[in-house]
Every structure is written in structure tokens, then in C-alpha cells.
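As the structure is a computational prediction, the values presented were derived from the model and not from experiment. What's counted below: heavy atoms across the whole structure, side chains too, no hydrogens, waters or symmetry copies.
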Amino acid sequence: MSATKPLLIIMNPVAEREREQIARHFEVIFAPTPQQYDDAVAQAAERVEVVMTIGAIGLTAAQIDALPKLKMVYSLGAGYEKIDIEHAHRRGVAVACGAGTNDTCVADHAMGLMLAVIRGIPRFDQLTRQGGWRTDVPMPPGVSGKKLGILGLGAIGEKVARRAQAFDMEIGYCNRSPRPGSPHRSFASPGALAQWADVLLVAVPGGDRTRHLIGRDILEQLGPRGYLINIARGSVVDTDALVDALRHERIAGAALDVYEGEPKLPPALAGLSNVVLTPHVAGWSPEAMQSMVDMFLENARRLYAGEALLTPL
């Protein structure tokens, strides 16, 4: 990079510690709200060279065109569904992402959600605090030996599968095409996978192509003893269909780290006892965030050195 630091706008929440690391290499404008971002562009559009965002926030064609000196759009996480990649490329703007930086953290969280919803851990926590005892409630099912269907056997799905094997779970998956060399059973459709599985883990990208991929039909095929785990994007699951299935016990339960309308939780989900909820934190840990920052800085170094990016899109 040049002696004069290039200007970076950060659109997504990033803690002060990580911003300080980035600021050793960039002049940073931290603009994590739409109004702050608009203000930053109004003040400094002619100087902005890099924009950091995440898949759920993205960067539109109009926002790209408002920055005449833009060199790179960077998604701090693995997702990039709301970044107009094609338009960026037409403008000669590089696009990259933090692929792989938080896979381990997400896989850990997915297993935690699975254990929590099947074993009823949050519900038992509240029962115990209120003076209840195990004889007051039905026995929860076990996890070991169940069939885990992974919708989207990418890097995260593979790591969940490895963890699930320690629980003696049988693994099946559905991708757009079978994974060569995978030891796991491949299914031709999400519905076939759901019908086979005891637990259906959603790990596909977000975006228009997967919107409401999990709807009434898939939930019906998962059935009254089945559990849904979503660590992908809220848009992949039809909230109305899920609420109806949970309310009428057409599935046994769900555990969601993501949901439609984030960060506001759909009110219908809040009142259900057979759902476990976390606020899109599956990929958040100090270790994962450090890995994200390190990968961003390496991609930025390569950008300014004229080298191939580490994780281009």
C-alpha cells in the first residue's frame, strides 16, 4: 500500500479492537447504519477505495457507481448474496470475501443448537430455575444415532458432519450435484433428504435462488419427529410455514440462528416453546473475528501489490 493510507468504509458491525488493527493499514470510516453510510459517502465518495460489508447488507450497483475510485468490495464473512458482483466486475472493481474464516465457529454453534433443541436444554434450564424437577416433564429424545440431513454440504456442512459422526449420527446430504468422493449418502432433492432425516440442517447460501426453499412441503416431509436447524440465512425458511408446523407439532422442533426480518424477531416465533433462538451469532467468536480481519488484510495487501486475491468472487 502507499504511504498515504487508502480510505475504507466499514458498513457492518466490527468491534473497536478489530477496527484498530485495520486502521494500521487504512483510513477508516466506520458507518454501520444506512444513515452513517450515506453521510460517509456524501463526505468522502471521491476518496473511497475499499468498502467492507457483509452478505446480508451487501452493496448495490448504485452504491458502487457512487464511488468513482472504488477498487474492492469485501464481504467480511462468507456470504455475499446482496453484493452486485456482476456490476462490480463491469466497473473493474474486485470483489472478495472471508470464506472459511468462521466455518469452525458456525459448525460448533450448529451442534450446540442441535443438542439444545433435541434435549430441551433451554426449557429445562427455566424449569430448574423455577423449582421444577425431571418428573414434571416428558423425557427428551437422545441425539446419538439420529439421521442428520445436511442441505448444502459445503465447508460448514462438512465440519458439522464430522462433529455429528462423533455422536454416531448417519449423514445424508443434498447439493446441486453430488460431492465426488464424499462418504455420505446423497439425495436428489431437499424433500427426499427431509423425508429420510431426523434432523435437517440448512447450510445453503442466501439469495433469491434459495428463498423459502424450506416451506410447507419440506416441513411435512421432515415430519412430527423431525427437527430443523438453520445456520444459513433466514430467507431460506418460510417463517409462516415454520410457525404453523411448530404450533401444530407437524415437526418436533426447530433451532434458528437466523430468521426473516433480522434483527427483529418475528413475534410468532417468540411465543413458541419448541424453538431455540440465537441472534445470528453462529459465526461470532474472538477467534473467528481475528481470522476474518487477517483474511481481509491479506486480500487488501494483495490488491495493492497487484497480486491475485486470496478469496475472489
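- No salt bridge links Arg216 with Asp240; every basic N to acidic carboxylate O contact stays at or beyond 4.0 Å.
- With hydrogens and angles left out, the side-chain atoms of Asn102 and Ser291 include no donor and acceptor closer than 3.5 Å.
- Residue Tyr173 qualifies as enclosed at atom OH: its count of foreign heavy atoms under 6.0 Å is above 12.
- The number of heavy-atom neighbours closer than 6.0 Å to NZ of Lys147, taken from other residues, nucleotides and ligands shown, is above 12.
- Between Ala197 and Leu222, the shortest heavy-atom distance links the atoms O-CD1, 3.8 Å.
- Ser182 approaches Leu153 most closely through the heavy-atom pair OG-CD2, 3.9 Å.
- Around CG of Asp208, the count of heavy atoms belonging to other residues, nucleotides or ligands within 6.0 Å does not exceed 12.
- Other residues, nucleotides and ligands contribute more than 12 heavy atoms inside 6.0 Å of the CD atom of Gln126.
- Of the inter-residue distances, the one linking Leu151 atom CG with Ile214 atom CD1 reads 5.0 Å to the nearest 0.5 angstrom.
- Other residues, nucleotides and ligands place more than 12 heavy atoms under 6.0 Å from the CZ atom of Phe124.
- Judged by distance alone, with hydrogens and angles left aside, the side-chain atoms of Lys5 form a donor-acceptor pair with the main-chain N or O of Ala23 at under 3.5 Å.
- A donor-acceptor contact shorter than 3.5 Å links the side chain of Asp84 to the backbone of His87.
- Side-chain atoms of Ser75 come within 3.5 Å of backbone N or O of Gly79 as a donor-acceptor pair.
- His109 places no side-chain N or O within donor-acceptor distance of the main-chain N or O of Ile231, the cut-off being under 3.5 Å.
- Heavy atoms from other residues, nucleotides or ligands lying under 6.0 Å from CZ of Arg179 number more than 12.
- Checking side-chain atoms of Glu260 against main-chain N and O of Thr239 turns up a donor-acceptor pair under 3.5 Å.
- The residue from Asp103, Asp108, Thr104 that alone fulfils the side-chain hydrogen bond (donor to acceptor under 3.5 Å, both in side chains) condition with Lys159 is Thr104.
- With hydrogens and angles ignored, the 3.5 Å screen pairs no side-chain donor or acceptor of Asn299 with any backbone N or O of Leu309.
- Checked by atom type, the side-chain pair Gln290/Gln21 shows a donor-acceptor distance below 3.5 Å.
- Looking at Tyr74 and Leu313, their side chains never come closer than 4.5 Å, going by heavy atoms from C-beta outward.
- Between Glu81 and Arg233 there is a salt bridge, since at least one side-chain N of the basic residue sits less than 4.0 Å from a carboxylate O of the acidic one.
- Formation of a donor-acceptor pair under 3.5 Å by the Arg19 side chain with backbone atoms of Phe30 is not found in this model.
- With rounding to the nearest 0.5 angstrom, the CG atom of Leu70 is 10.0 Å from the CG atom of Asp65.
- Under the 30°/60° scheme for interplanar angles, the aromatic rings of Phe187 and Trp196 are found to be tilted.
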Under the criterion side chain to side chain contact (heavy atoms under 4.5 Å, CB included), I'd like the reasoning laid out for Leu8 against Val51: C-alpha separation, chi angles, the key distance, then a yes or no.
CA-CA 6 Å; Leu8 161 72; Val51 171; 5.7 Å; no

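- The closest side-chain donor-acceptor pair between Gln35 and Asp39 falls under 3.5 angstrom.
- Counting only heavy atoms from C-beta outward, the side chains of Leu256 and Ile229 never approach each other to under 4.5 Å.
- Looking only at distances, a side-chain donor or acceptor of Ser285 sits under 3.5 Å from a matching main-chain atom of Ala288.
- For Arg301 and Glu298, the salt-bridge test passes: some basic side-chain N is under 4.0 Å from an acidic carboxylate O.
- Taking every heavy atom of both residues into account, Gly226 and Ile251 meet most closely at O-CB, 3.6 Å.
- Considering only heavy atoms from C-beta on, Phe167 comes within 4.5 Å of Leu115 through its side chain.
- Looking only at atom types and distance, the side chain of Tyr37 has no donor-acceptor partner in the side chain of Gln63 under 3.5 Å away.
- Proximity of a side-chain donor or acceptor of Glu262 to a complementary backbone N or O of Tyr259 within less than 3.5 Å is detected.
- Note that OG1 of Thr101 is 6.0 Å distant from CE of Met295, once rounded to the nearest 0.5 Å.
- Between the side chains of Ser235 and His212, no donor-acceptor pair is found at a separation under 3.5 Å.
- Side-chain contact of Thr278 with Asp257: a donor-acceptor pair under 3.5 Å is present, judged by distance alone.
- Within the 3.5 Å criterion, the main-chain N or O of Ala96 finds no donor-acceptor partner in the side chain of Thr311.
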